[in-house]
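Residue numbers count from 1 along this sequence. Just follow the structure's listing: the first ligand is 1, and inside any ligand the first atom is 1.
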Amino acid sequence: MHKKFENTQQWLDFDREHLWHPYTSMHSPLPCYPVVATDGAYIELADGQRLLDGMSSWWAAIHGYNHPVIRAALSEQLLTMPHIMFGGIAHPMASELGQRLIDITPEPLQHVFLADSGSIAIEVALKMALQYWQSLGHLNKRKLLTVRGGYHGDPFACMSVGDPDNGQHHLFTEVISKQVYAPRPTITFSEAWEPSDIDALRELLEQQHNDIAAVIIEPIVQGAVSMRFYHPSYLASLRQLCDEFSVLLIFDEIATGFGRTGELFAMSHADVCPDILAIGKALTGGTMTLAATLASRKVSQGISSGSAPMLMHGPTFMANPLACAAACASIDILLDESSEATYPEGWRNRISAIERSLKSLEQVADHPAVANVRVLGAIGVVQMHNLVDVAKVQARLVEKSVWVRPFGHLIYVMPPYILSAEQLSHLCTSIVDTIIELY
Ligand SMILES: Cc1ncc(COP(=O)(O)O)c(C=O)c1O
């Protein structure tokens with residue numbers, strides 16, 4: 001029998017000694033804050049301090065924490081069937097979720113693979129694209145084309161389509177597959193569109209389309225590498241190019257899905273539909289790990305027409321019923337516009353209101369340490385000229401009782417949609433004041 005930890009310091013010491021945290025060293029890690037509870041818009045530290053959340057737990061907890069509707073759905077599912085294998089078994093929660101996903105995404109996307117995390121949804125998307133061309137007998141189509149500045153997850157195939165300079169390529173040079181990398185889109189969301197922005201990608205497709213199975217891209221927002229917002233016309237042109245050169249198009253909406261950019265999915269800014277779509281993160285309202293890859297009939301039929309018609313993927317926790325129940329509840333919360341709803345004014349109006357509040361970050365746009373301030377939907381970004389000292393900035397923000405996790409040159413927020421105008425104002429003021437105090 002293991003001894004229970006008797007106080008915060010004991011379990012923190014264990015954590016420091018034995019537990020790996022994301023993107024940090026085991027032996028000289030960045031500081032960790034001890035968290036014991038979450039409640040709505042707040043994260044509670046072990047000493048009782050409550051931090052206003054600006055991150056939605058890496059962009060997932062869109063309705064804040066412990067939402068009563070998701071909690072009730074989970075409790076009910078916990079009693080009925082927390083988990084069951086999906087091999088040879090169907091269950092109602094998977095169908096409930098599948099139906100919702102087909103309803104809220106463009107009509108061509110009809111076939112759903114319920115994966116257990118965002119990166120696995122990307123692995124599945126890439127596998128679908130490669131298998132599609134194999135099944136049709138185009139055996140050369142084995143490469144993937146992507147734009148620089150992207151992020152699609154940490155497993156090896158995902159890394160191979162991530163940014164080749166700022167990603168992890170330099171650590172695993174001999175192991176990561178070499179893909180085809182186009183320059184990143186440069187025209188921003190609100191600038192006038194310049195068709196030449198996509199010329200370099202067109203050239204790569206012209207030269208190499210016989211070897212390229214698919215283009216993969218994060219629509220509108222290049223998230224985890226740079227938090228840049230690019231022009232919707234880039235996506236519309238990309239769709240045309242993929243059709244012209246017979247290459248599949250994969251959209252990674254894992255970070256952008258479920259309203260974050262002001263549209264339910266970021267691809268709607270350009271009114272385009274991919275052949276394959278990956279979603280995750282906010283899918284369960286940030287409560288359970290679940291993601292999905294949706295494919296068009298063309299893709300699923302292509303795969304099925306081959307000599308190996310099975311899609312060879314099947315994680316143990318595929319379509320986990322608890323996670324599916326949370327996802328159904330989260331989607332229902334988002335779309336409910338009744339007077340008792342979480343967003344009675346409608347999610348779209350809610351995101352517009354958040355966008356207006358986040359614009360107050362523009363107060364530091366002319367600060368000498370600040371390179372750029374940009375806001376889109378419920379995403380607010382302050383890009384600094386120099387690398388941010390994460391520990392120092394975060395400590396100062398915690399003193400102001402807000403939770404923001406900077407990275408690289410960026411101090412940014414992706415708050416839960418439930419934050420009130422006062423809470424959003426406190427979040428932005430805390431960031432502005434921190435920048436003025438420290439720089
Ligand atoms: C665009 C994008 N794709 C894929 C992933 C990977 O998702 P997960 O961390 O759930 O594996 C992320 C995570 O940040 C992401 O932002």
Side-chain angles (χ1 to χ4, degrees), residues 20-24 54-62 113-129 144 146-164 166-168 176 179 184-185 214-230 235 238 249-261 263 265-267 269 274 276-294 313 315-320 323-324 326-327 330 376-379 381 405-408 410 412-414:
W20 237 302
H21 283 260
Y23 309 113
T24 193
M55 301 308 297
S56 308
S57 277
W58 272 340
W59 332 334
I62 51 173
F113 188 101
L114 293 168
D116 48 1
S117 72
S119 350
I120 296 304
I122 295 296
E123 290 275 330
V124 169
L126 300 178
K127 195 180 267 190
M128 282 177 178
L144 301 157
T146 190
V147 291
R148 289 172 183 269
Y151 176 79
H152 301 284
D154 297 334
F156 278 90
C158 300
M159 278 196 287
S160 80
V161 288
D163 187 81
N166 295 308
Q168 301 173 44
I176 295 187
Q179 309 292 5
R184 66 185 352 160
V215 173
I216 177 166
I217 192 165
E218 295 157 275
I220 304 296
V221 180
Q222 292 197 288
V225 168
S226 55
M227 290 288 164
R228 284 173 189 239
F229 315 143
Y230 63 87
L235 285 184
L238 180 58
L249 180 56
I250 303 171
F251 283 167
D252 177 349
E253 290 251 15
I254 288 166
T256 48
F258 301 101
R260 181 60 68 180
T261 67
E263 293 285 347
F265 294 98
M267 59 188 167
H269 289 287
I276 301 172
L277 171 71
I279 52 177
K281 286 193 183 279
L283 174 60
T284 64
T287 47
M288 303 284 298
T289 174
L290 185 73
T293 311
L294 283 81
H313 221 95
T316 306
F317 289 99
M318 180 168 178
N320 169 253
C324 290
S330 178
L376 179 68
I379 310 173
V381 183
R405 175 91 175 157
F407 75 86
L410 308 177
Y412 76 101
V413 286
M414 281 205 184

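- Looking at ligand 1, you'll find an N or O of Asp252 within less than 3.5 Å of one of its N or O atoms.
- Applying the 4.0 Å criterion to heavy atoms of Tyr151 picks out, from ligand 1, the atoms 1 (C), 2 (C), 3 (N), 5 (C), 12 (C), 13 (C), 14 (O), 15 (C), 16 (O).
- Side-chain polar atoms of His152 and Ser119 form no donor-acceptor pair below 3.5 angstrom.
- For atom 16 (O) of ligand 1, the nearest non-hydrogen atom of the protein is Trp59 CZ3, 3.5 Å.
- Interface atoms of ligand 1 facing Ala255, defined by a heavy-atom separation under 4.0 Å, are 16 (O).
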(request) Test Leu277 against Thr293 for side-chain contact (heavy atoms from CB on, under 4.5 Å), laying out the working first. (result) CA-CA 6 Å; Leu277 171 71; Thr293 311; over 6 Å; no
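- With ring centers used as reference points, Phe258 lies under 6.0 Å from Phe265.
- Contacts of Glu218 with ligand 1, taken as heavy-atom pairs under 4.0 Å, involve the side chain alone.
- The side chain to side chain donor-acceptor pair (under 3.5 Å) pairs that include a residue from residues 215-230 are Arg184-Ser226, where partners are two or more places apart or lie in different chains.
- At the shortest separation from atom 10 (O) of ligand 1 among protein heavy atoms lies Gly118 N, 2.9 Å.
- Checked by distance only, ligand 1 and Ile122 stay at 3.5 Å or farther apart across all their nitrogen or oxygen atoms.
- Here the side chains of Ile216 and Phe251 are not in contact, with every heavy-atom distance at 4.5 Å or above.
- Where the criterion is an N or O separation shorter than 3.5 Å, residue side chain and backbone included, Lys281 meets it with respect to ligand 1.
- The ring of Tyr23 has its center no closer than 6.0 angstrom to the ring center of Phe407.
- Among all protein heavy atoms, the one lying closest to atom 11 (O) of ligand 1 is Ser119 OG, 2.3 Å.
- A donor-acceptor pair is defined here as one N or O able to donate and one able to accept, closer than 3.5 Å; such a pair exists between the side chain of Ser160 and the backbone of Ala157.
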